[in-house]
Amino acid sequence: MQRTRRAALGLFGSVAIGALSGCLAPGGNGGSDGGAETRTHPSPGTDPDTEADDGGTETPTDDREPETATDDREPETPTDETPTDALDRLPDGLDRVETPPYEVEAVECNIDDSGEGDRDPLYLCANMPAEPSLSFEQESTRGTLFAGEGLARAPDDDGDQLYATLLTEAEDIERFENDSSDAYSLAADTDFGSHAVLVVQTGWGSGSIVPHLKRIEETADGVHAVGCYTQPCVYTSDFTARSTVVRFERPDALDSGVVSLTVDPSTRYNLTTGEGVVTIDQSG
């Protein structure tokens, strides 16, 4: 059911996989404004080429072709890792894929005459506890942010992908390649003496489906960030990764991070900041 991928720079946009259901109205996230509005919401496993849209699908928002990229670092070759090795990184009591530990009420989209839906984009987070939490701020953008790490879709990957990493010192800002978004600015303006940064990436599908955090709990050795995917009725038809940058109050210890995201009313994904790219196969 589960497997992990370590990946390198660039995005492979030639193969499309489905976005999880629900999305934001276009223009809500930094990065790119591309993508036509779509008046329905995608279902898991939907090929973007089969989704109804007004202007065709978009390729991933990283404009560089992998073979022409000029990053001096050697790209990593994705390697297989046994599910046992991957799951050993998760804290006790968490599974890679599990039912959300709180009640989630499914909310349908009701599209009015203006073409807008009345569903709260954050309905998956509605009943999620907001406390206890360190103070934090967040910004989201389309595409990836780092030059030599994060999501990079391999041709044989057919599942949802996730990636999370911690930035704990000023030198970590040099890992960014994209410096034009509000998400980058939030990270670059961090006082690392009192705060740190968590970057969460998800892929692939509409750039309107972004990870949103509701709380960040302090743990014995770091943080546990808890949130959900946005799920509005109107979404863009682009095909990309999505990145959310979170600047948070620095706890006493910050050696590790865990991220838990509710992606639909019955499903939550868990990953850690130290395990690279996680691919969750939905075919089974």
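For D95 (side chain) and V97 (main-chain N/O), no donor-acceptor pair under 3.5 Å exists by modelled atom type. Proximity of a side-chain donor or acceptor of R250 to a complementary backbone N or O of G193 within less than 3.5 Å is not detected. A donor-acceptor pair under 3.5 Å links the side-chain atoms of S133 to the main chain of I216, judged by distance alone. Between the T230 side chain and the V210 main chain, a donor and an acceptor come within less than 3.5 Å of each other. Looking only at distances, no side-chain donor or acceptor of T273 sits under 3.5 Å from a matching main-chain atom of S256. Remark: the backbone N or O of N270 is paired with a side-chain donor or acceptor of R96 at under 3.5 angstrom.
Put simply, CD on Q161 and CG on L151 are 5.5 Å apart, with the number rounded to the nearest 0.5 Å. One distance of note links CD of E149 with CG of L145; it measures 10.0 Å at 0.5 Å rounding. A distance of 8.5 Å separates CG in L122 from NZ in K214, rounded to the nearest 0.5 Å. Here F176 contributes atom CZ and S181 contributes atom OG; the two are 7.5 Å apart, rounded to the nearest 0.5 Å. Taken from CG in D120 to SG in C125, the straight-line distance is 9.0 Å, to the nearest 0.5 Å. Separating the CH2 atom in W204 from the OG1 atom in T240 is a distance of 6.5 Å, to the nearest 0.5 Å.
Under the side-chain hydrogen bond (donor to acceptor under 3.5 Å, both in side chains) rule, R247 has a single partner from E139, Q138, H195, E137, which is E137.
In this structure, the side chains of F248 and L254 come closer than 4.5 Å at one or more pairs of heavy atoms. By the 4.5 Å heavy-atom criterion applied to side chains, Y123 and P265 are counted as neighbours. A heavy-atom distance below 4.5 Å is not found between the side chains of T141 and D182. With contacts defined as side-chain heavy-atom distances shorter than 4.5 Å, the pair Y229/D264 does not qualify. Looking at heavy atoms from C-beta onward, D172 lies out of side-chain contact with T165 at the 4.5 angstrom threshold. Two residues are said to be in side-chain contact when any heavy atoms from C-beta on lie closer than 4.5 Å; Y235 and I209 fail this criterion. Side-chain contact check for R268 versus P101: some heavy-atom pair is nearer than 4.5 Å.
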Inset, instruction - Let me see the working for L198 and L213 under side chain to side chain contact (heavy atoms under 4.5 Å, CB included), right down to the final yes or no. - result: CA-CA 11 Å; L198 172 67; L213 297 187; 4.0 Å; yes
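Of all heavy-atom pairs between V259 and A164, the closest is CG2-CB, 3.9 Å. Across all non-hydrogen atoms, the minimal contact from P211 to T202 is CD-OG1, 3.8 Å. Smallest separation of non-hydrogen atoms from A253 and A220: CB-O, 3.7 Å. When every heavy atom of L124 is checked against every heavy atom of T262, the shortest pair comes out as CD1-O, 3.8 Å. In plain terms, the two heavy atoms of R215 and P129 that are nearest each other are NH1-O, 2.9 Å. Of all heavy-atom pairs spanning L261 and L162, the tightest one is CD1-CD2, 4.1 Å.
Side-chain N/O atoms of T244 and H212 include no donor and acceptor closer than 3.5 Å. Donor-acceptor pairing under 3.5 Å is lacking for the side chains of E105 and N127. Side-chain contact of D238 with T236: a donor-acceptor pair under 3.5 Å is present, judged by distance alone. Looking at Y163 and T144, their side chains never bring a donor and an acceptor atom within 3.5 Å of each other.
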